Amino acid sequence: MFEQRDGEVALQGDPATDADDARLAYIGRIASPWKLREDCPKNMNAARERGGTATVTVDTPYRAGLAGLAGFSHVVILSWFEQAPRNLIVQKPRHASDAKGVFALRSPARPNPIGLHVARIVALDVEQGVIELDAIDALDGTPVIDLKPYFASVDAIADATRPSKDT
């Protein structure tokens with residue numbers, strides 16, 4: 001599913017088999033239009049451009065945690081990219097001329113394959129544990145590990161910078 005490209009470096013071991021690995025609780029699942037990795041948008045902007053709403057369904061034991069989320073326009077979703085390899089530490093994205101360390105990339109292939117998505121809440125049904133979203137850049141069935149309200153006042157950084165896409 002993830003082929004190793006020239007210039008990439010893999011870890012000697014696989015974090016997925018490490019005895020000290022975290023024991024995460026999946027609190028729900030994402031339902032999205034994206035069934036195959038090659039069809040899935042690479043980021044939320046691309047997901048919004050392609051259209052297609054999504055939902056997060058929170059499992060019954062965790063639904064009480066949705067109390068107070070109503071009224072927020074956006075939610076931060078942390079997901080677990082369970083199909084991604086965990087042993088690539090240097091990667092060469094298709095769009096880049098040089099390989100980069102995984103911590104300078106948003107690739108799902110990483111020691112802890114945690115996805116970060118900021119989505120608009122279209123509808124919320126706390127009782128059923130369903131959050132309807134404007135879009136998502138995750139495969140159908142992706143596990144959710146946490147939800148957090150988005151606060152524009154602290155989450156958006158107006159003067160944030162980044163290198164160009166070519167470097």
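Computed over heavy atoms, backbone and side chain alike; hydrogens, waters and symmetry mates excluded. In this text the structure is predicted, and so the values were computed from the model without any measurement. Numbers here simply count residues along the sequence, with the first being 1.
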Looking at V102 and P111, what are the two nearest heavy atoms and their distance?
CG1-CD, 4.0 Å

Minimum heavy-atom distance between S32 and A138, given as atom pair plus value
OG-O, 2.7 Å

Does L78 reach the side chain of K148, with side-chain heavy atoms less than 4.5 Å apart?
yes

What is the distance from atom OG1 of T60 to atom CD1 of I27, rounded to the nearest 0.5 Å?
12.5 Å

Are more than 12 heavy atoms, taken from residues, nucleotides or ligands other than K42, located less than 6.0 Å from that residue's NZ atom?
yes

Output for pair (I136 CD1, I30 CD1), nearest 0.5 Å, gives 4.5 Å

Ignoring hydrogens and angles, tell me if any N or O in the side chain of R110 forms a donor-acceptor pair with the backbone of L105 under 3.5 Å.
yes

Nearest heavy atoms of Q91 and S107, plus distance in Å
OE1-OG, 2.8 Å

For E127, look at atom CD and say whether over 12 heavy atoms of other residues, nucleotides or ligands are found less than 6.0 Å away.
no

Side-chain heavy atoms of I114 within contact of W80, under 4.5 Å:
yes

Atom CD1 of residue position I157 - does it have more than 12 heavy atoms of other residues, nucleotides or ligands inside 6.0 Å?
no

May I ask whether V58 and V122 are part of the same hydrophobic cluster, defined by side-chain heavy atoms of I, L, V, M, F, W, Y residues being less than 4.5 angstrom apart, directly or through others?
no

Determine, stepwise, if the pair I131 / L69 fulfils side-chain contact (heavy atoms from CB on, under 4.5 Å).
CA-CA 10 Å; I131 308 169; L69 189 60; 4.0 Å; yes

To the nearest 0.5 angstrom, please state how far the CE atom of M44 sits from the CG atom of D137.
5.5 Å

Would you give the length of the straight line joining atom CG of D98 to atom NZ of K92, rounded to the nearest 0.5 angstrom?
7.5 Å

Step by step, would you call R86 with N112 a side-chain contact (heavy atoms from CB on, under 4.5 Å)?
CA-CA 6 Å; R86 297 180 63 183; N112 292 304; 3.0 Å; yes

Can you name the nearest heavy-atom pair linking H117 to S79, along with the distance?
NE2-OG, 2.7 Å

Around R106, counting heavy atoms of other residues, nucleotides and ligands shown, do more than 12 lie under 6.0 Å from its CZ?
no

Does any part of the side chain of R120, heavy atoms only, come nearer than 4.5 Å to the side chain of S73, both counted from C-beta?
yes

For the residue pair Y26 and V144, establish whether any side-chain heavy-atom pair is separated by less than 4.5 Å.
no

Hydrophobic clustering (ILVMFWY, side-chain heavy atoms < 4.5 Å, transitive) - are I145 and L116 grouped together?
yes

Tell me whether V56 is reachable from V75 by hopping between hydrophobic residues (I, L, V, M, F, W, Y) whose side-chain heavy atoms are closer than 4.5 Å.
yes

Distance col, row Q128:CD vs L66:CG, nearest 0.5 angstrom, shows 11.5 Å

Group every Ile, Leu, Val, Met, Phe, Trp and Tyr by side-chain heavy-atom contacts under 4.5 Å, then state whether Y62 and I121 land in the same group.
yes

If you round to the nearest 0.5 Å, how far is CG of L124 from CG of L133?
10.0 Å

Looking only at heavy atoms, which two atoms of R48 and D134 are closest? And how far apart?
NE-OD2, 2.6 Å

Same cluster or not: L147 versus V154, using hydrophobic residues (I, L, V, M, F, W, Y) connected whenever any side-chain heavy atoms lie under 4.5 Å apart?
yes

Smallest separation among heavy atoms of A119 and I77, with atom names:
CB-CD1, 4.2 Å

